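Inspection log for the structure reproduced underneath, given as structure tokens.
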Amino acid sequence: MSIIFSKENICLIDHMDFVTKCYSNVREKNNTKHYTLTPKLFSIKRKSIIAPSKQFRKRKHNDNVLEEALTIQAIYNNLIASLPTGLKTAVKTKYNTMDASSLRDFSKNLFESTDYDHKDTSGGNNSEVPLICQIKGSDFLVPGKCRFKCGCVKEECKKLDGNKYDIVIADPPWWNKYIRRLKKAAIKLSYSMMYNEEIASIPINNLFSDTTLIAVWCTNSPSNINSVKELIFPKWGVEYVTTWYWLKLTIDLEPICPFSSGSKKQPYERLIMGRRGDLKVPKNVVFASIPSSLHSHKPPLNDLFTYYNISTEGPHVLELFARYLLPNTTSVGYEPLKWQNLALYVEVDNKKNNV
């Protein structure tokens, strides 16, 4: 399991550990090999020393942001105070592999070298064993029991009509004025930004089982947050339950940036949780990890849902706007193969222990 420490409503997870377990026995012709994501991708360090946090100055227009940031900061402090001796050192040793400037160039080059046009490509792996498959001249890792469909999410969801899913995860390309101004950057982002009304119009209603968990990654923009709760979920026929938070840490297990009382960048992102049917979902969970340096590379949620007893064994999972594949999951979007390219992975000795 990728959860390496847990206490109350917070977990520390290791993204790379999950991948290592996923690809511990990859079938390649007549051989079996073991792969994981290159540790360089997780060598996230502080750009500058983060001074000890001061009490935020309370302002009328940002009381909600202040309260939220203070709550998550308190949970983070509780986590750090509770970590077993040696875990912090072990994490830093494992991922201290590259300096910050080199990491930026390394990640940029990988992003650009894995920019493919796989539209209308579909496939999968019906076996339990992960495979290496060649698609349009490049090698990709494909986990066990997975399917992928490359194309417009709306159109692909129509084709899935008749299937029922117990978990639906979405990472929409929210409309962002800053990205829009960076025309060069926007061109390289394969998912065109979508207005909230467009996301709400995705024909997903018929894909839910009797009890389905719906998890939507959302920016910290108040308008997007409100849109999920008041527009998108109602249009999908989904009941809002709670919000979980992904706390992003450096290899020193410190926040990647200071907690803020205003509209500045926060060291966390949110996962807005909804449901169909009678499903118990724990409130206000915080899960912390060292993020991948690849653009929009979210951590896998499988182990979290299992840990909190939300999903039963072998749930049918659907991921929308996917950029990588997961076992037992149907992944839909323009880029579900992006982070599956073998160039992002290294062969490992399966006998070595992880943190």
Side-chain angles (χ1 to χ4, degrees), residues 14-20 22-23 26 28 33-48 91-119 121 130 132-143 148 150 171 173-174 176 178-193 217 246 248-252 256-257 265 267 269 289-300 319 321-326 331 333-348:
D14 191 315
H15 187 156
M16 199 178 86
D17 270 11
F18 180 91
V19 175
T20 303
C22 231
Y23 303 110
V26 178
E28 186 178 8
K33 295 184 178 180
H34 315 293
Y35 290 93
T36 192
L37 281 166
T38 174
K40 294 178 182 178
L41 293 172
F42 299 93
S43 191
I44 306 295
K45 300 175 183 178
R46 291 174 294 176
K47 293 182 180 180
S48 60
V91 169
K92 184 174 182 178
T93 301
K94 181 176 180 178
Y95 292 116
N96 191 17
T97 59
M98 184 176 282
D99 63 79
S101 59
S102 298
L103 177 61
R104 284 193 296 271
D105 293 337
F106 179 71
S107 301
K108 180 176 179 290
N109 291 337
L110 281 178
F111 184 90
E112 293 178 352
S113 66
T114 55
D115 191 12
Y116 309 102
D117 181 8
H118 288 153
K119 186 177 179 182
T121 301
I132 292 182
C133 300
Q134 192 170 86
I135 303 173
K136 294 188 177 181
S138 298
D139 289 331
F140 296 85
L141 279 171
V142 181
F148 62 87
C150 304
D171 186 12
W174 300 100
N176 185 304
Y178 174 71
I179 294 294
R180 182 173 178 244
R181 287 197 298 267
L182 299 177
K183 293 182 180 180
K184 185 176 180 181
I187 291 173
K188 290 185 177 181
L189 296 176
S190 295
Y191 288 120
S192 298
M193 291 178 290
W217 290 100
W246 173 34
K248 295 181 280 188
L249 306 177
T250 68
I251 62 173
D252 295 299
I256 60 170
C257 66
K265 182 179 179 180
E269 293 185 33
S289 75
I290 301 170
S292 162
S293 59
L294 296 171
H295 174 71
S296 196
H297 195 184
K298 300 297 196 299
E319 182 164 6
F321 305 101
R323 280 191 169 92
Y324 65 99
L325 305 180
L326 289 166
S331 301
Y334 288 119
E335 299 182 310
L337 294 173
K338 188 169 184 63
W339 304 138
Q340 297 304 126
N341 189 282
L342 198 58
L344 277 67
Y345 296 78
V346 293
E347 194 173 348
V348 295

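Quick caveat, the model's predicted, so the values are computed rather than measured.
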Identify the two heavy atoms, one from [X] and one from [Y], that lie closest to each other, and give their separation to 0.1 Å.
X	Y	answer
W339	Y345	O-OH, 2.8 Å
T20	T36	OG1-OG1, 2.6 Å
L103	S293	CD1-OG, 3.5 Å
F148	L325	CB-CD2, 3.7 Å
P130	C22	CG-O, 3.5 Å
L110	L41	CD1-CD2, 3.8 Å

Report the distance from atom [atom1] of [X] to atom [atom2] of [Y], rounding to the nearest 0.5 Å.
X	Y	atom1	atom2	answer
I135	Q340	CD1	CD	9.5 Å
L342	Q134	CG	CD	11.0 Å
L344	S292	CG	OG	8.0 Å

Evaluate whether atom NZ of K40 has more than 12 neighbouring non-hydrogen atoms of other residues, nucleotides or ligands under 6.0 angstrom away.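 12 or below, so no.
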
Residues, nucleotides or ligands: over 12 heavy atoms within 6.0 Å of K119 NZ: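 No, NZ of K119 has 12 or fewer neighbouring heavy atoms, counting only those of other groups under 6.0 Å.
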
By salt bridge (charged side-chain N to carboxylate O under 4.0 Å, His left out) - contacts of K298 (at least two apart):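 For K298 the salt bridge (charged side-chain N to carboxylate O under 4.0 Å, His left out) partners, ignoring immediate neighbours, are D171, E269.
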
For T38, which residues count as a side-chain hydrogen bond (donor to acceptor under 3.5 Å, both in side chains) partner, sequence neighbours excluded?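 With neighbours one apart ignored, the set is empty.
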
Results of side-chain hydrogen bond (donor to acceptor under 3.5 Å, both in side chains) for S102 - residues two or more places apart only: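 With sequence neighbours excluded, S102 shows a side-chain hydrogen bond (donor to acceptor under 3.5 Å, both in side chains) to D99, given in chain and number order.
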
Pairwise side-chain contact, [X] with [Y], heavy-atom cut-off 4.5 Å (strictly under):
X	Y	value
I132	L141	yes
K136	T121	yes
S289	F42	no
F18	P299	no

Chi angles and distances behind the side-chain contact (heavy atoms from CB on, under 4.5 Å) call for N96, K45: CA-CA 9 Å; N96 191 17; K45 300 175 183 178; 2.8 Å; yes

Please verify the inter-ring angle class for H297 with H15; under 30° counts as parallel, over 60° as perpendicular, anything in between as tilted.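 H297 vs H15 ring planes: perpendicular.
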
Indicate whether any N or O donor in one side chain lies under 3.5 Å from an N or O acceptor in the other, for Y95 and D14.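 Present: a donor and an acceptor within the cut-off.
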
